[in-house]
Protein chains: 2
Amino acid sequence: MLKLSKLTDYAVVALVRLGQKSEVTTSPVLSRSTGIPEPTVAKVLKILATQGIVTSQRGARGGYRLAQPLEEISIAAVIQAIDGPISLTTCVDGGDCDARATCGLGGQWDMVNAAIRHALSAITLADMKNHTVTDRLGGLHVPPVPDRPEATA
Amino acid sequence: MLKLSKLTDYAVVALVRLGQKSEVTTSPVLSRSTGIPEPTVAKVLKILATQGIVTSQRGARGGYRLAQPLEEISIAAVIQAIDGPISLTTCVDGGDCDARATCGLGGQWDMVNAAIRHALSAITLADMKNHTVTDRLGGLHVPPVPDRPEATA
DNA sequence: AGGAAACAGTACTGTTCTGGTCCAATTATG
DNA sequence: CATAATTGGACCAGAACAGTACTGTTTCCT
Ligand code: FES
Ligand code: FES
């Protein structure tokens with residue numbers, strides 16, 4: 001459905017909230033603060049820790065902290081941390097496609113894929129927090145769209 | 001994984017190949033021409049027919065034909081026909097999100113979502129065929145990313 | 001008219017992936 | 001040193017997806 005997992009959405013929310021705290025924060029605290037179920041936010045933070053998005057402190061009095069400021073973390077980074085690499089089609093980047101030889105459209109998907117990746121890389125968590133996404137989107141608004149004839153059912 | 005279904009990939013391949021034929025073409029022929037397994041290409045074409053992307057001719061000597069020229073069919077249209085609507089997060093467009101009230105970042109995802117949708121709408125199947133995707137991509141390359149917003153924390 | 005070719009629709013099955021839960025390892029505290 | 005707090009990693013259930021198979025309907029050719 002071309003949708004990213006709910007975990008990724010939660011990750012963004014948790015990270016933005018975490019960026020507003022200056023001290024190490026535990027999963028339960030973030031859960032209450034964001035409204036995300038506690039086990040889920042815990043899992044998300046765990047994954048983000050392995051990917052280096054946040055740093056973790058084990059043991060009592062432990063918790064999580066951002067490894068980088070919000071401005072340095074892009075949406076794409078979060079998506080890749082949770083959802084895995086951004087690959088629109090399975091063919092890109094050496095996927096095992098049966099029709100690779102005969103499909104005809106060579107690395108065209110790679111281009112589209114790279115475009116999406118760039119777009120998502122341009123938006124940071126700070127943009128999400130400050131609601132300045134619209135501002136950033138001016139760059140990727142694709143003005144030259146002459147006509148958009150939808151499928152006439 | 002932020003990837004669209006393999007069926008969608010096949011759909012694009014089949015449509016491009018179909019656009020190169022001027023006559024009605026059958027599923028088996030398209031299968032041999034593209035390398036996609038015959039049952040799969042049949043299924044894809046069936047779906048595309050219901051969505052009005054292609055027109056079908058039943059009976060012997062039947063087959064499929066494009067309902068519109070390749071230049072008029074956008075990638076987004078194909079994706080929506082096969083994969084369903086493009087909604088990056090479940091929250092957009094009235095999804096049932098538990099943390100809707102507390103998540104803080106309001107409709108920010110909607111903006112990102114709309115940007116992706118626009119980008120995919122700007123690329124047509126003809127671009128895929130003619131390998132002119134890179135050309136179109138100039139519009140959504142997001143050059144203005146130089147300035148990082150100041151840390152408000 | 002009869003048979004063959006091709007699409008239409010449905011249903012089924014196997015697999016993958018997501019989302020969520022549980023228990024073990026680790027560290028500060030008293 | 002014992003305890004409590006907190007992360008880390010493994011595990012399991014559910015859903016979504018891809019692929020396949022079958023039956024029915026329509027149309028052309030003989
Ligand atoms: S490589 Fe997968 S369809 Fe072309
Ligand atoms: S509405 Fe779903 S996380 Fe904000």
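Atom set for the values below is all heavy atoms of this structure, side chains included, hydrogens, waters and symmetry mates excluded. In what follows, chains are A, B, ... by sequence order, proteins preceding strands, each numbered from 1.
- Within the model, atoms CD1 of A:Ile79 and CD1 of A:Ile86 stand 4.5 Å from one another, a figure rounded to the nearest 0.5 Å.
- Comparing the start and finish of the helix from C:dA1-D:dT30 to C:dG30-D:dC1, five pairs each, the helix axis swings through 10°, to the nearest 10 degrees.
- For A:Asp83 and C:dT16, the CG to C1' distance is 14 Å, given to the nearest whole Å.
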Quick one: do A:Lys3 and B:Leu88 satisfy side chain to side chain contact (heavy atoms under 4.5 Å, CB included)? Show the steps, please.
CA-CA 4 Å; A:Lys3 77 168 180 52; B:Leu88 282 191; 5.8 Å; no
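- The stretch residues 57-65 of chain A touches DNA chain D through A:Gln57, A:Arg58, A:Gly59, A:Ala60, A:Arg61, A:Gly62, A:Gly63, A:Tyr64, each having a heavy atom within less than 4.0 Å of the strand.
- The side-chain heavy atoms of A:Thr124 and A:Ile75, taken from C-beta on, include no pair separated by under 4.5 Å.
- Every residue two or more places apart in sequence or in another chain that forms a side chain to side chain contact (heavy atoms under 4.5 Å, CB included) with A:Ser31 is listed here: A:Glu38, A:Val41.
- Of all heavy-atom pairs spanning A:Ser121 and A:Ala76, the tightest one is OG-CB, 3.4 Å.
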Applying side chain to side chain contact (heavy atoms under 4.5 Å, CB included) to B:Leu2 and A:Leu2, what does each step give before you reach the verdict?
CA-CA 6 Å; B:Leu2 189 52; A:Leu2 191 52; 3.8 Å; yes
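- Distance, A:Lys3 NZ to D:dA15 C1': 10 Å, rounded to whole Å.
- Closest of all the heavy-atom pairs between A:Thr34 and A:Ala14 is CG2-CA, 4.4 Å.
- Every salt bridge (charged side-chain N to carboxylate O under 4.0 Å, His left out) that B:Asp127 has, sequence neighbours left out, goes to B:Arg136.
- For residues 14-23 of chain B, every residue pair satisfying the side-chain hydrogen bond (donor to acceptor under 3.5 Å, both in side chains) rule, not counting sequence neighbours, is listed here: B:Arg17-B:Gln20, B:Arg17-B:Ser33.
- With sequence neighbours excluded, the residues that form a side chain to side chain contact (heavy atoms under 4.5 Å, CB included) with A:Ser5 are A:Leu7, A:Thr8, A:Ile82, A:Asp83.
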Kindly give the atom pairs (protein nitrogen or oxygen, nucleotide nitrogen or oxygen) under 3.5 Å for nucleotides 10-13 of chain C.
none

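- Interface residues of residues 27-34 of chain A facing DNA chain D, ordered by number: A:Ser27; criterion, heavy-atom separation under 4.0 Å.
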Check: residues 46-70 of chain A side-chain donor-acceptor pairs under 3.5 Å, at least two apart:
residue	atom	partner	partner atom	Å
A:Thr50	OG1	A:Ile47	O	2.6
A:Thr55	OG1	A:Arg65	O	3.4

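- Residue contacts shown for B:Leu7 are limited to sugar-phosphate atoms, with no base heavy atom under 4.0 Å away.
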Evaluation steps, side chain to side chain contact (heavy atoms under 4.5 Å, CB included), between A:Arg117 and A:Gln80:
CA-CA 10 Å; A:Arg117 205 177 323 210; A:Gln80 288 184 4; 3.9 Å; yes
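- Separating the OH atom of A:Tyr10 from the P atom of C:dG20 is a distance of 6 Å, rounded to the nearest angstrom.
- Shown here are the side chain to side chain contact (heavy atoms under 4.5 Å, CB included) partners of B:Asn130, two or more places apart in sequence or in another chain: B:Ala126, B:Thr132.
- Residues forming a side chain to side chain contact (heavy atoms under 4.5 Å, CB included) with A:Thr89 (at least two apart in sequence, or on another chain): A:Cys91, A:Val92, A:Trp109, B:Leu4, B:Asp9.
- In plain terms, the two heavy atoms of B:Gln108 and A:Met128 that are nearest each other are CG-O, 3.6 Å.
- In this structure, the CG atom of A:Leu48 is 13 Å from the P atom of D:dG9, given to the nearest Å.
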Return the polar atom pairs (N/O with N/O) between nucleotides 12-14 of chain D and the protein under 3.5 Å, or none.
none

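- Rounded to a whole Å, the CD1 atom of A:Ile47 is 13 Å from the C1' atom of D:dA10.
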